[in-house]
S.K.: 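What follows is a structure written as structure tokens; I'll ask about it next.
Whatever order the structure lists them in is the order used to number ligands and atoms, beginning at 1.
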Amino acid sequence: MLKLIPYPKQVTEGEGTVKTATDEFGAPKYERVYDEGMAAENYELTVTDNGAKIRAGSQSGFIYGETTLNLLTSSAEPIAATRICDGPKWAWRGYMLDVSRYFFSVDDVKKQIDFMAVLKLNVLHLHLTDDQGWRVEIKKYPRLTEVGAWRRRTLFRLKRHGGYYTQEELKEIVSYAHANGIKVVPEIEFPGHFTAVIAAYPELGCYGKGVKVAENFGVKYDVACLGNPQVMQFVKDVLSELFPIFTDEYYHIGGDEVLYQRYELCPKCRKAKEEAGAKSWAELQARFVNEIAAFLNENGKRTITWNEAVPSGKVDKSIIWQYWQGGLDESALATEINAGRQVIISSRCPYYLDLPYATNTLRAIAEYRDVPQGADPEKVLGLEFALWTELVPDQRNAEKKMFPRLALMAEKAWRGEVADDFPVRYTEIAEKLIALGADIPEKLKMPPKGIAAVIDKIWFNRSQLYWGAITNLIGNIKATVAAKKQNREMEDGKKDV
Ligand code: ACM
Ligand code: ZN
């Protein structure tokens with residue numbers, strides 16, 4: 001078995017061994033044969049006494065053929081004569097990096113793109129905004145990065161943390177990804193996970209006074225005010241500044257975990273709901289989502305949201321759902337798919353990389369059924385693996401969470417299943433990842449086991465309790481009291497005139 005991850009679809013090993021010629025940079029030389037009849041992303045690689053040859057019908061096909069050839073020839077040893085016919089099972093093989101909870105430098109993001117390229121992943125989803133930080137320069141709204149990109153302290157250190165990417169830096173990331181055959185999807189969260197925006201522009205929340213960039217985690221109560229027309233303008237302005245940067249087709253507008261408590265109190269939101277004739281807050285949210293999707297569509301883009309945006313059944317069927325399980329089980333998902341919805345499968349269990357190794361195990365990832373029972377597989381675009389960074393403060397910790405899991409996930413996305421001998425093949429790929437700068441100490445070549453796995457799980461669960469149950473509830477009670485007081489003052493003000 002060749003030491004490759006993802007393992008190719010079809011491998012025929014020939015007689016004898018060959019030593020491929022190299023160019024002046026030490027890269028293996030090969031003959032390039034363009035074949036327009038080949039499916040997008042497929043390639044054929046042959047290595048014989050006459051040298052190496054890659055046949056493909058697209059730039060991505062050549063990139064994948066080259067990646068395989070580089071992996072095969074990475075040691076100085078001659079390799080077996082080989083013919084590989086390969087191509088992916090899923091068109092969408094995504095990896096999501098949350099740069100909002102902790103900021104990752106341009107160099108760190110590029111390093112992660114290098115890892116993706118080796119593993120033949122083809123979509124980088126950047127989760128650019130959340131309660132804990134806004135990470136993209138928007139010229140029309142400078143306070144987003146002056147205020148919204150910084151928090152006073154973090155879970156790990158009583159020290160200011162933050163950062164953001166300039167528009168030029170983001171262009172650099174996108175062009176680096178494109179050179180590696182990887183598309184980039186920006187995510188701007190709306191209307192939930194919006195605290196950093198409200199800290200910068202309080203008028204965009206229902207009760208924005210005193211709201212700060214969040215220092216702890218969990219689902220926050222301060223969300224975008226759906227009764228304020230400036231909010232829709234804000235979203236459109238932000239997206240308009242992103243169009244020249246993120247030139248790929250897909251845009252993600254969040255939509256998960258929206259709490260409706262502030263809307264119940266907010267006179268502007270209540271009025272908007274009444275005027276729209278919406279039966280629920282979910283339905284009102286759906287109108288906003290549909291308007292943004294129409295705007296994106298006018299600009300040649302397709303919209304993605306998390307799956308619960310929203311359960312009212314009013315969300316436009318052209319919007320792609322990223323299924324992470326938020327409030328939706330597999331059979332409800334199958335019903336939605338069969339009603340015409342396209343989806344990307346990102347189930348929290350087992351596809352979230354931040355969850356403990358004892359929860360999202362290698363076995364769970366390998367055995368997970370990607371197409372829900374009874375659902376039309378044609379509507380499934382592919383798989384995406386997410387690294388949320390509430391507990392991942394830097395690149396070194398990110399790598400601990402990623403490897404070996406991301407390698408196994410990439411194989412699942414490429415083949416639709418995990419081939420035999422993954423641990424043996426992984427040892428080889430780990431060397432390649434280390435050569436690209438990954439910090440994979442010998443003992444981490446496989447996931448933590450025994451006591452280390454138990455500690456990892458306890459730490460995660462303890463932190464989750466800290467995020468949501470205590471601080472957010474107390475914060476919400478205080479904010480609710482303040483909101484009611486503000487409502488009373490407004491009422492009194494009206495009576496006085
Ligand atoms: C999510 O994990 N809230 C998408
Ligand atoms: Zn409101």
S.K.: Within a distance under 4.0 Å of any heavy atom of Tyr352, pick out the atoms of ligand 1 and give their elements.
M.R.: 1 (C), 2 (O), 4 (C)
S.K.: Are Arg262 and Tyr207 in a cation-pi contact, defined as NZ or CZ under 6.0 Å from the six-membered ring centre and within 45° of the axis?
M.R.: no
S.K.: Listing by chain and number, which protein N, O or S atoms are under 2.8 Å from the Zn ion (ligand 2)?
M.R.: Cys206 SG, Cys225 SG, Cys266 SG, Cys269 SG
S.K.: Between Tyr263 and Trp281, what is the ring plane arrangement, given parallel below 30°, perpendicular above 60°, and tilted in between?
M.R.: tilted
S.K.: Take the angle between the ring planes of Trp324 and Trp306 and call it parallel below 30°, perpendicular above 60°, tilted in between.
M.R.: perpendicular
S.K.: Between Val109 and Tyr176, is the side chain to side chain contact (heavy atoms under 4.5 Å, CB included) condition met? List the steps.
M.R.: CA-CA 10 Å; Val109 176; Tyr176 192 80; over 6 Å; no
S.K.: Classify the ring geometry of Phe422 against Tyr426: parallel below 30°, tilted from 30° to 60°, perpendicular beyond 60°.
M.R.: parallel
S.K.: Any N or O of Asp256 that comes nearer than 3.5 Å to an N or O of ligand 1?
M.R.: yes
S.K.: What atoms in ligand 1 come closer than 4.0 Å to a heavy atom of Glu257?
M.R.: 3 (N)
S.K.: Do the rings of Phe234 and Tyr141 sit parallel, tilted or perpendicular, given the 30° and 60° boundaries?
M.R.: perpendicular
S.K.: Which class fits the ring pair Tyr351 and Tyr368: parallel under 30°, tilted 30 to 60°, perpendicular over 60°?
M.R.: perpendicular
